[in-house]
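Proteins get letters first, then strands, A, B, ... in listed order; numbering begins at 1 in each. We use all heavy atoms of the structure for the numbers below, so side chains are in, but hydrogens, waters and symmetry mates are not.
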Amino acid sequence: MFAPFILALRQASIPASITEYLALLGAMQAGVAEYSIEDFYYLSRAALVKDERHLDRFDRVFATYFRALETPEAPAPRDLPEEWLRRLAEKLLTPAEMAQVQALGGFEKLMETLRQRLAEQQGRHQGGSKWIGTAGTSPFGAYGYNPEGVRIGQAESRHRRAVKVWDKREFRDLDDAAELGSRTLKLALRRLRRFARQGAATELDLSGTVRATANNAGHLDLKLVAERHNAVKVLLLLDIGGSMDEHVRVCQDLFSAARSEFKHLEYYYFHNCPYERLWRSNHRRADSELPTEQVLRTYGPDYKLIFVGDASMSPYEITHPGGSVEHWNAEAGGVWLQRLTGHYRRSAWLNPLAAGRWEHSMSVGVLRHLMQGRMFAMTLAGIEEMTRELAR
Amino acid sequence: MGFRSTDRYIASRDLEVAVNAAVTLQRPLLVKGEPGTGKTVLAHEVAQALGCRLIEWHIKSTTKAQQGLYEYDAVSRLRDGQLGDERVHDIANYIVRGKLWDAFAADEKIVVLIDEVDKADIEFPNDLLLELDRMQFFVYETRQTVTAKQRPVVIITSNNEKELPDAFLRRCFFHYIRFPDRETMERIVQAHYPDIRHDLAREALTVFFKVRDVPGLKKKPATSELLDWLKLLMVEDLPPEALRSTEKHVLIPPLHGALLKNEQDVHLFERLAFLSRRNG
């Protein structure tokens, strides 16, 4: 009778299964919930959610599904857009355009309209989990198709930025020979290694032999175990070029450290945000490009996925189809990011930007949200934290 | 019948429901939460409430799932064999029972606490799947199947150091103990120290929640730290005014050793205190 509820939960990527559903029904039958809505909520939560990270998502689904029941408090209205919109607009508008805006009723009026639009949108899309919202629902995106809005929205931004990227600069491939100075990073990355025994049994297992000999009542019984080797597999996705250039040096350190630590290390490059194509070599980008789908297919979910990038870009590059600065992307960067993090069991984002500056950039916040907080600073402590997260 | 808050243990309603569901459906209950929020104590209280004996199995990094079931003491047998002891002919003499076997073999209902399951190897929970599901296991040496006479109530705690496998989670009920709010905390303090002076408790709680709010603490003090600290305050017989002075400036609370367990946190506090003195 609650089957659609379970489906709704699964759609919100809470891994509730038939076993848990049956457990819930069993508990209902046994009268644990005793006809109280609150108790039913507690009971279904205990039965269906197995991870505290999913609790919030569960609450939301529960609220929408059992609409007749009291909805939990709506998320606090976002009150920051005005400030960053103003900044965004100031940055993107030429003085002439500013004058035009003035002619149309001035900045205040523009902001006012935007704010109204935002309020409407909040009403309709209450409970939406993303900051800007998925494609098309964002107030800013919606505004982008208005005559005034075009100048604020993505078209202008793309055009302006395109100049920077169009000239196809050759980004240096990250050199993996830079061993110097990478010692500290190496120390942290070593935590990632988990020794697993795989392959042919070639080593003498001393304690196993003693035990087996004792079991045999004194007759020698040799035991062999597989050679110990590093079984950690890492898929490294590196942001190259653009806003990343100042961090290339730090990135090089990490890269060379990582190379010698893992049995399987695969690396691909992306620019700003991963989209439907990744590439292997930056010099020969055209021939080394690979569909991201293929990368997903090739490397199984047991790979540990590490993004390295400063996550600084226009928020549209993450939230909107066509937001990329380099090409037309049919699906938003955020969709690809979620596809990647959904496929790999363990993923993290390593950010060379000092953690103190994260909050100044809108896109860092969005990506951090998409990574569910698993963004770490590229410092010894940050890497240590990341490896702990990845090794869990 | 069922689990309720007692005068010594304050359980929120959602915890009561989760415990009762697990007891009714005879499935394990997995409890997570910040350290010091009463995960382990919960098992004691459940055992008390249900009137059952509690068997505790504390997990360490070296613990193997097999150790909870039984161990075969081959070395004793080898020694006995060399000494010509008669016992050597019966292998059953060398099977040492584990905690779960004890619980399965008991005639009455038992509460089993598997404490800090995340300390063990990553495969540990997987190795206990069938045992916890069917409440039975097979002893290879004696070719005997041990089945629980009465399905025990199993409470598993985790500090979230390792991810637990999905198959394991699917068989459990889950409860995340949230950090108690001030009102609940007052009831908890009242339950533990009914004789405490009200003004002292009030001041102490204010200081406590302030300390928790200080950004950048490595280890935030939790309920168990608060209770220890209150006990110290009561033993030292400190007047509430000693705490009230912290209202104006951020000062190191008296007897902070019970609250701050990390020298970096103490340093952080000293720095804050210094700054506020300089500014004040």
Side-chain angles (χ1 to χ4, degrees), chain A residues 14-34 36-56 58-59 194-197 207-208 210-219 221 345-346 355 381 388-392, chain B residues 1-3 11-34 71-82 88-89 91 94 118 121-123 133 141 158 160-178 218:
Chain A
I14 297 171
S17 73
I18 193 90
T19 327
E20 279 125 339
Y21 180 42
L22 291 176
L24 172 64
L25 291 183
M28 294 286 288
Q29 213 156 36
V32 176
E34 288 168 353
S36 141
I37 287 164
E38 210 165 292
D39 284 1
F40 171 70
Y41 161 69
Y42 292 144
L43 174 67
S44 49
R45 199 179 68 186
L48 299 172
V49 185
K50 301 297 159 71
D51 192 327
E52 65 274 18
R53 281 172 297 185
H54 298 154
L55 285 178
D56 179 49
F58 175 82
D59 288 354
R194 197 176 62 225
F195 286 114
R197 292 183 182 270
S207 62
V210 170
R211 200 176 313 124
T213 306
N215 283 354
N216 252 358
H219 291 284
D221 184 3
R345 266 182 230 123
R346 294 269 148 235
R388 204 174 306 135
E389 171 67 35
L390 288 177
R392 284 212 304 164
Chain B
M1 179 62 192
F3 173 70
S12 55
R13 181 68 193 143
D14 48 347
L15 179 57
E16 290 173 6
V17 171
V19 170
N20 286 329
V23 172
T24 315
L25 287 204
Q26 307 185 319
R27 279 168 185 251
L29 174 67
L30 173 67
V31 185
K32 281 198 206 171
E34 245 182 78
E71 280 179 291
Y72 171 42
D73 188 358
V75 178
S76 310
R77 194 177 187 207
L78 177 62
R79 193 195 53 220
D80 284 356
Q82 283 165 345
V88 80
H89 298 298
I91 199 167
Y94 302 97
D118 53 332
D121 188 73
I122 204 140
E123 288 302 326
D133 212 20
E141 282 78 359
S158 164
N160 225 356
E161 280 179 23
K162 284 198 193 78
E163 200 98 328
L164 300 171
D166 286 345
F168 179 77
L169 291 176
R170 223 166 280 145
R171 286 163 169 82
C172 304
F173 278 94
F174 171 74
H175 182 74
Y176 183 78
I177 299 192
R178 238 166 269 254
K218 288 244 175 215

Looking only at V75(B), L29(B), V17(B), V23(B), most heavy-atom pairs under 4.5 Å shared with chain A are made by V17(B)
Most heavy-atom pairs under 4.5 Å with chain B, out of P15(A), G31(A), A23(A), A30(A), belong to A23(A)
Bottom line for L169(B): the part with an atom under 4.5 Å from chain A's heavy atoms is both
The interface call for R79(B) against chain A, heavy-atom contacts under 4.5 Å, is neither
Smallest heavy-atom separation, R170(B) atom then K50(A) atom, equals O-NZ, 3.7 Å
Residue from V210(A), D39(A), D51(A), T19(A) scoring the most non-hydrogen pairs under 4.5 Å with chain B is D39(A)
In this structure, CD of E20(A) is separated from CZ of F173(B) (nearest 0.5 Å) by 9.5 Å
With sequence neighbours left out, the residues meeting ring pair (Phe, Tyr, Trp, His ring centres under 6.0 Å) with Y94(B) are none
The salt bridge (charged side-chain N to carboxylate O under 4.0 Å, His left out) partners of D73(B) (sequence neighbours excluded) come to none
One option among Q29(A), R45(A), R345(A) has the most heavy-atom pairs under 4.5 Å with chain B, and it is R45(A)
In terms of heavy-atom pairs under 4.5 Å with chain A, the winner among G81(B), A74(B), G33(B) is A74(B)
The interface call for F174(B) against chain A, heavy-atom contacts under 4.5 Å, is both
Query raised in the report: How about N215(A) and Y72(B): do any of their side-chain heavy atoms sit closer than 4.5 Å?
Result: yes
